[in-house]
Amino acid sequence: VIGSVDAALIIDKGIRDGVLKGQPVVDTNGYVVGTVKSSSRGSATILPITATREGLTVLVGSQTGTLVSRPFSSELALEMDLDVFDAREPVLSGDRVLTSAASGDYPAGLPVGEVLEDASPESTSLSTTVRPFVDAESLRFVVVMSWPPDPVTAATDDTIPEGTTTGTTLAEDAATTTTSTPEDEGR
């Protein structure tokens with residue numbers, strides 16, 4: 001990554017490369033990193049999910065919950081809090097947390113993290129801890145996704161559409177970066 005400001009990441013691609021405010025960002029494994037917070041002609045700022053104060057709507061099994069960062073924590077990037085307000089069943093340590101179709105910021109089904117502690121519903125809600133799959137401080141390459149490709153489809157589709165990513169490679173030396181888009185590949 002070419003730089004960082006507080007918890008945000010700076011990438012060497014911007015508006016001229018198709019990187020726009022609000023686009024989701026994943027790592028090269030497809031794990032959620034965050035969203036584009038701002039974009040200029042030749043660079044963009046990525047806000048990781050671990051640094052945002054807004055909740056992320058996620059799925060754990062068949063249950064929808066909200067994943068939020070821990071404010072004022074020295075371990076901000078290592079753990080997040082998961083709240084399921086209409087809990088019907090327990091969640092177990094190791095359960096995968098995925099993006100939900102109810103989130104307008106991400107396609108459904110992207111891996112976010114894993115549950116660290118078992119939790120059972122108390123009345124109709126439960127809370128537990130989640131470790132994100134991505135440590136933003138160790139990133140060198142990310143993928144900025146063109147999302148939503150079609151707002152009507154995005155609101156009703158629970159799958160990740162093919163061809164929705166704009167490949168953006170980041171490096172400490174901007175001279176060694178490359179960009180690959182579906183248009184470049186003749187799609």
Side-chain angles (χ1 to χ4, degrees), residues 1 4-11 22-37 45-145 147-148 154-161 164-165 168 170:
V1 175
S4 64
V5 177
D6 295 324
L9 306 171
I10 309 296
I11 63 172
Q23 291 177 318
V25 179
V26 297
D27 72 358
T28 56
N29 295 313
Y31 299 149
V32 172
V33 172
T35 57
V36 176
K37 190 67 175 171
T45 302
I46 308 302
L47 185 62
I49 59 170
T50 54
T52 183
R53 298 208 190 276
E54 299 173 14
L56 171 62
T57 305
V58 295
L59 286 177
V60 181
S62 63
Q63 302 183 100
T64 302
T66 303
L67 193 61
V68 294
S69 62
R70 292 185 166 176
F72 312 113
S73 170
S74 61
E75 297 183 359
L76 187 63
L78 301 178
E79 295 180 356
M80 298 179 76
D81 294 323
L82 172 67
D83 295 309
V84 178
F85 296 111
D86 188 20
R88 299 170 304 281
E89 57 193 50
V91 295
L92 304 174
S93 177
D95 284 353
R96 289 176 61 99
V97 177
L98 307 172
T99 54
S100 167
S103 170
D105 295 331
Y106 298 91
L110 295 176
V112 177
E114 71 177 343
V115 173
L116 292 178
E117 303 168 3
D118 295 350
S120 295
E122 295 178 21
S123 291
T124 60
S125 66
L126 67 80
S127 295
T128 190
T129 306
V130 170
R131 177 181 297 126
F133 288 132
V134 174
D135 176 4
E137 291 183 20
S138 66
L139 287 174
R140 296 294 174 253
F141 304 95
V142 297
V143 177
V144 175
M145 301 178 74
W147 180 257
T156 59
D157 191 6
D158 282 351
T159 62
I160 301 170
T164 62
T165 60
T168 301
L170 307 174

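Please read these numbers as outputs of a predicted model, since none were measured by experiment. Here, residue 1 is the first one in the sequence, and each next residue gets the next number.
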Completion exercise
When rounded to the nearest 0.5 Å, the distance separating CG of Leu67 from OG1 of Thr50 is 10.0 Å
Practice task
Check Val25, Val112, Val58, Ile49 against Tyr106 for a side chain to side chain contact (heavy atoms under 4.5 Å, CB included) and give me the one that passes.
Solution key: Ile49
Handout entry: Glu54 atom CD, neighbour heavy-atom count above 12 within 6.0 Å
Key = no
Practice task
With rounding to the nearest 0.5 Å, note down the distance linking CG in Leu98 to CG in Leu110.
Solution key: 8.5 Å
Problem - Interatomic distance, Thr35 atom OG1 to Leu56 atom CG [nearest 0.5 angstrom] - result: 9.5 Å
Completion exercise
Note: Ala108 and Ala101 closest approach over all heavy atoms is CB-N, 3.6 Å
Practice task
Could you grab the distance from atom CG of Leu139 to atom CG of Asp27, nearest 0.5 Å is fine?
Solution key: 6.5 Å
Completion exercise
By ring pair (Phe, Tyr, Trp, His ring centres under 6.0 Å), Tyr31 pairs with (sequence neighbours left out) Phe133
Would you tabulate the side-chain donor-acceptor contacts of residues 124-131 under 3.5 Å, counting partners in other chains and residues two or more places apart, or write 'none'?
from, atom 1, to, atom 2, distance (Å)
Ser127, OG, Asp83, OD1, 2.6
Thr128, OG1, Glu117, O, 2.6
Thr129, OG1, Arg70, NH2, 3.1

Handout entry: Any Thr57 side-chain heavy atom under 4.5 Å of Thr64 side chain
Key = yes
Handout entry: Min side-chain heavy-atom separation Val97-Val115 under 4.5 Å
Key = yes
Completion exercise
Note: Trp147 and Gly104 closest approach over all heavy atoms is NE1-O, 3.5 Å
Handout entry: Ser69 side-chain N/O to Thr52 backbone N/O, donor-acceptor pair under 3.5 Å
Key = yes
Practice task
Provide the closest heavy-atom pair for Met80 versus Pro132 in the form atom of the first, atom of the second, distance.
Solution key: SD-CG, 3.7 Å
Exercise for the section: Compare every heavy atom of Arg88 with every heavy atom of Gln63, then report the nearest pair and how far apart it is. Expected result: OE1-N, 2.6 Å
Practice task
For residues Met145 and Gln23, report the shortest heavy-atom separation together with the two atoms involved.
Solution key: O-CB, 3.3 Å
Problem - N/O donor-acceptor pair under 3.5 Å between Thr45 side chain and Lys37 backbone - result: no
